[in-house]
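Below: the structure, in structure tokens.
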4 protein chains.
Amino acid sequence: MPRTPAQFEEIREARRAAILDAALHVFAEKGYASSSIAMIAKQAGISKGLMYNYFDSKEGLVKTLLTEGFDIFVEVFDRDKDGELTDEEFIFFLDQTFEILKGNIPFWKLYFAIMSQADVMSMLGEVMMEKLSPYFNTMQNYYAQKGYENPMAQMRVLGALLDGVCLNYVADPEGFPLEDAKKIIIDKFI
Amino acid sequence: MPRTPAQFEEIREARRAAILDAALHVFAEKGYASSSIAMIAKQAGISKGLMYNYFDSKEGLVKTLLTEGFDIFVEVFDRDKDGELTDEEFIFFLDQTFEILKGNIPFWKLYFAIMSQADVMSMLGEVMMEKLSPYFNTMQNYYAQKGYENPMAQMRVLGALLDGVCLNYVADPEGFPLEDAKKIIIDKFI
Amino acid sequence: MPRTPAQFEEIREARRAAILDAALHVFAEKGYASSSIAMIAKQAGISKGLMYNYFDSKEGLVKTLLTEGFDIFVEVFDRDKDGELTDEEFIFFLDQTFEILKGNIPFWKLYFAIMSQADVMSMLGEVMMEKLSPYFNTMQNYYAQKGYENPMAQMRVLGALLDGVCLNYVADPEGFPLEDAKKIIIDKFI
Amino acid sequence: MPRTPAQFEEIREARRAAILDAALHVFAEKGYASSSIAMIAKQAGISKGLMYNYFDSKEGLVKTLLTEGFDIFVEVFDRDKDGELTDEEFIFFLDQTFEILKGNIPFWKLYFAIMSQADVMSMLGEVMMEKLSPYFNTMQNYYAQKGYENPMAQMRVLGALLDGVCLNYVADPEGFPLEDAKKIIIDKFI
DNA sequence: AATGAATGAGAGTTCATTCAT
DNA sequence: AATGAATGAACTCTCATTCAT
């Protein structure tokens with residue numbers, strides 16, 4: 001009995017996910033430029049040729065990884081998008097951020113690797129900013145409603161700190177004291 | 001009649017500086033792996049071949065950039081290396097850090113590009129850690145002598161914050177409120 | 001529908017042989033260091049890149065040529081490896097040597113080109129010695145059992161003579177009187 | 001007081017010899033293609049540029065080495081060029097050959113390295129043959145006057161043997177039993 | 001006469017991408 | 001849908017040769 005169209009779709013979807021997963025890990029391990037399509041295909045258990053049946057190019061692959069990666073991130077914070085934050089919610093907010101970080105180290109490795117390459121960034125910068133701005137708005141609102149003098153700057157500093165923690169953590173997950181850092185941040189930035 | 005040794009030395013020094021400058025900007029812009037010797041040579045206005053009269057390899061080039069870049073950084077902080085810090089000195093310390101940051105944007109772009117590439121890091125990790133550890137020690141000492149519970153974590157968080165500020169600033173020097181950030185950091189981390 | 005594994009295997013085997021054949025002739029003609037992958041690829045009618053789908057490196061290519069070339073040589077003499085030789089067998093032995101020589105001129109050209117290049121020799125010396133030593137042992141045994149005073153020296157002289165004949169023959173296959181030489185050698189060295 | 005033209009000439013001559021000597025040793029060590037002008041200049045203690053004041057090109061250098069090297073060889077045997085040889089003279093002849101071999105290992109290394117490269121040979125082959133033919137004629141005459149059936153073949157076999165001994169000796173001067181070989185050759189080929 | 005900075009062609013090698021099957 | 005052989009451009013690096021001084 002031949003496969004139904006739905007079955008085909010299912011197989012395709014699973015394979016697509018496998019390729020993205022393989023690509024994420026290879027990119028995170030070796031960096032974007034130093035990763036080859038051959039490595040990714042091998043890791044995904046398929047041929048190089050078939051890769052191009054699923055993704056247009058190496059660049060398309062990394063763009064998909066980044067945009068879909070951020071979508072997951074955004075989903076989690078979606079409910080708080082426009083709301084006001086209590087202190088408990090803000091703590092929860094930070095907690096969530098750290099949980100996502102811990103669960104997606106390869107993604108954040110890739111994120112920082114790509115971030116530092118102006119040419120790739122120029123294509124992704126807008127997309128990312130659009131997705132992340134609700135998150136930043138939430139932070140800024142928090143400081144605004146607490147009556148801080150310069151809530152934008154407060155938000156940028158906190159954002160920078162989270163970037164920095166993220167960068168240090170993915171560079172050395174064993175060595176960086178993530179839990180201690182969380183306490184200190186909550187202590188200072190609430 | 002040949003040039004005098006002094007003349008040759010002069011030529012070499014000027015060329016060397018031009019190559020390093022070109023390399024710094026290209027690496028900062030594209031990342032290490034995505035930069036080619038051809039790009040750097042073109043930027044420096046010389047032939048590919050001449051590069052190798054001045055530097056052994058692409059790797060040697062980036063190592064030189066980073067070690068000499070950090071040397072400038074280290075020089076400034078040298079006098080405080082082992083001493084204890086008063087609050088004023090700590091503020092001065094942060095001030096200096098920000099001044100250096102403002103004056104060397106391409107260098108710090110390169111620094112982050114390197115930081116996020118595991119393969120390059122593996123060859124540079126030691127060099128960098130050696131140069132930076134006195135700086136981190138100074139910070140840790142500061143928190144230790146102020147009686148903080150976990151000075152190492154305090155230091156790591158401050159380090160992460162400075163990384164993050166640096167990262168955000170070099171990504172968008174006009175948009176990031178560096179002066180405001182400095183005030184907030186001094187306020188919170190002293 | 002993809003080619004079957006058997007079809008791929010067929011293609012690979014044919015290409016591999018074509019590359020080895022091209023490489024043998026180019027190396028034999030120009031020597032190892034002066035032969036370029038571009039020349040070999042051109043001779044084989046393929047792109048430079050494809051070479052590396054079949055062989056790891058230029059060095060790998062020449063190693064393969066030499067080991068597989070010697071294997072043919074070794075195969076012929078395998079049965080006599082450890083045995084004692086009668087005069088008839090010794091004559092047969094020389095006969096075989098000359099036949100192999102006549103049928104593989106480019107290989108022996110390569111062999112001498114390699115022999116005279118210290119840097120290549122250093123990577124091949126072991127492989128070659130391992131393959132050739134049974135052959136030399138056979139000769140030495142022959143002289144030992146005939147009661148010669150210094151069988152090792154006899155063997156070395158005979159080996160040198162065969163090298164020299166080989167060298168002269170490959171340099172000028174038409175001009176060198178191979179058959180006459182064989183008679184003289186059998187006459188003097190039996 | 002300025003140097004006299006004769007003094008200039010003397011300096012030039014000494015320098016020329018130093019360059020040739022340096023080149024011979026570098027070529028013998030690394031092979032022709034793998035030796036660089038930079039290495040040779042360094043070994044000779046002069047600049048690359050000055051090399052080209054003495055020799056047109058790398059190829060010119062090796063041609064000079066080979067032709068002048070053979071001249072030395074030829075000189076020694078000059079007196080016997082056309083004469084008839086007694087057995088004692090023939091032994092002396094072989095003796096001389098071995099002495100020259102022992103005293104000029106780098107030259108013979110270079111000779112064999114170049115011999116195996118058809119393209120270089122094509123330029124040198126004629127020159128060399130012209131210089132060596134008296135030597136071969138002497139050998140052939142020796143066998144002719146002793147009444148051998150095929151003196152040309154005898155000569156070619158002896159020539160091949162001397163080639164082979166030379167090749168084996170320069171490849172491994174410590175290991176090859178040159179003195180034993182000489183005795184065996186005299187024993188068999190007189 | 002002498003230097004070594006500088007070039008440019010070409011070396012070995014890698015790899016994203018295409019394509020016949 | 002699927003393969004991996006094949007290409008070609010670009011990579012890092014080397015070096016004989018030239019040339020301003």
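Sequence lines set the chain letters: A, B, ... in the order given, protein chains first and strands last, and positions in each chain run from 1.
Lys48(C) contributes a side-chain N or O that forms a donor-acceptor pair with the base of dT13(E) under 3.5 Å.
For Leu50(D), counting side-chain heavy atoms from C-beta on, the closest listed nucleotide (dA1(E), dG4(F), dT21(F)) is dA1(E). Side-chain proximity of Ser57(B) to dC13(F), dA5(E), dG4(F): nearest is dC13(F). The side chain of Phe8(C) has dA5(F) as its nearest neighbour among dT7(E), dA5(F), dT3(E).
No side-chain heavy atom of Val26(D) sits under 4.5 Å from any side-chain heavy atom of Lys42(D). Residues Ile40(B) and Phe27(B) have side chains in contact (heavy-atom distance under 4.5 Å, counting atoms from C-beta outward).
Pair assignment for dT21(E): dA2(F), on the basis of Watson-Crick or G-U wobble contacts that are both within less than 3.5 Å.
In this structure, Ser36(D) does not reach the dC15(F) phosphate: none of its side-chain N or O atoms is under 4.0 Å from OP1 or OP2. Checking the phosphate oxygens (OP1, OP2) of dA5(E), a side-chain nitrogen or oxygen of Asn53(B) falls inside 4.0 Å. Residue Arg12(B) has a polar side-chain atom (N or O) positioned under 4.0 Å from OP1 or OP2 of dA5(E). The side chain of Lys58(C) places an N or O atom within less than 4.0 Å of a non-bridging phosphate oxygen (OP1 or OP2) of dG12(E). Contact annotation: Tyr52(B) does not reach the phosphate of dA6(E) (side-chain N/O to OP1 or OP2, under 4.0 Å). Here Arg3(B) does not reach the OP1 or OP2 of dC19(F): none of its side-chain N or O atoms lies under 4.0 Å away. Within the 4.0 Å cut-off from OP1 or OP2 of dA6(E), at least one side-chain nitrogen or oxygen of Arg15(B) is found.
Within 6.0 Å of atom NZ in Lys30(B), 12 or fewer heavy atoms from other residues, nucleotides or ligands are found, so the atom counts as exposed in its surroundings.
Minimum interatomic distance between Met51(B) and Ile46(B) (heavy atoms only, all atoms of both residues): N-CD1, 4.0 Å.
Mapped onto DNA chain F by nearest heavy atom, Ala38(B) and Glu9(C) fall at different nucleotides, with Glu9(C) at the one closer to the 5' end. Positionally, the nearest nucleotide of DNA chain E for Ser47(D) lies more toward the 5' end than for the other of Ser47(D) and Ile46(B). A residue-by-residue look at Met39(C) and Tyr54(B) shows that Tyr54(B) has its nearest nucleotide of DNA chain E further toward the 5' end.
Using a 4.0 Å heavy-atom criterion, one finds that Ser34(B) contacts no nucleic acid atom at all.
Following rounding to the nearest Å, Phe55(B) (CZ) and dT12(F) (P) show an atom-to-atom distance of 15 Å. For Asp56(C) and dC15(E), the CG to P distance is 13 Å, given to the nearest whole Å.
The aromatic rings of Trp108(B) and Phe70(B) stand perpendicular to each other, their planes meeting at an angle above 60°, with 30° marking the opposite boundary.
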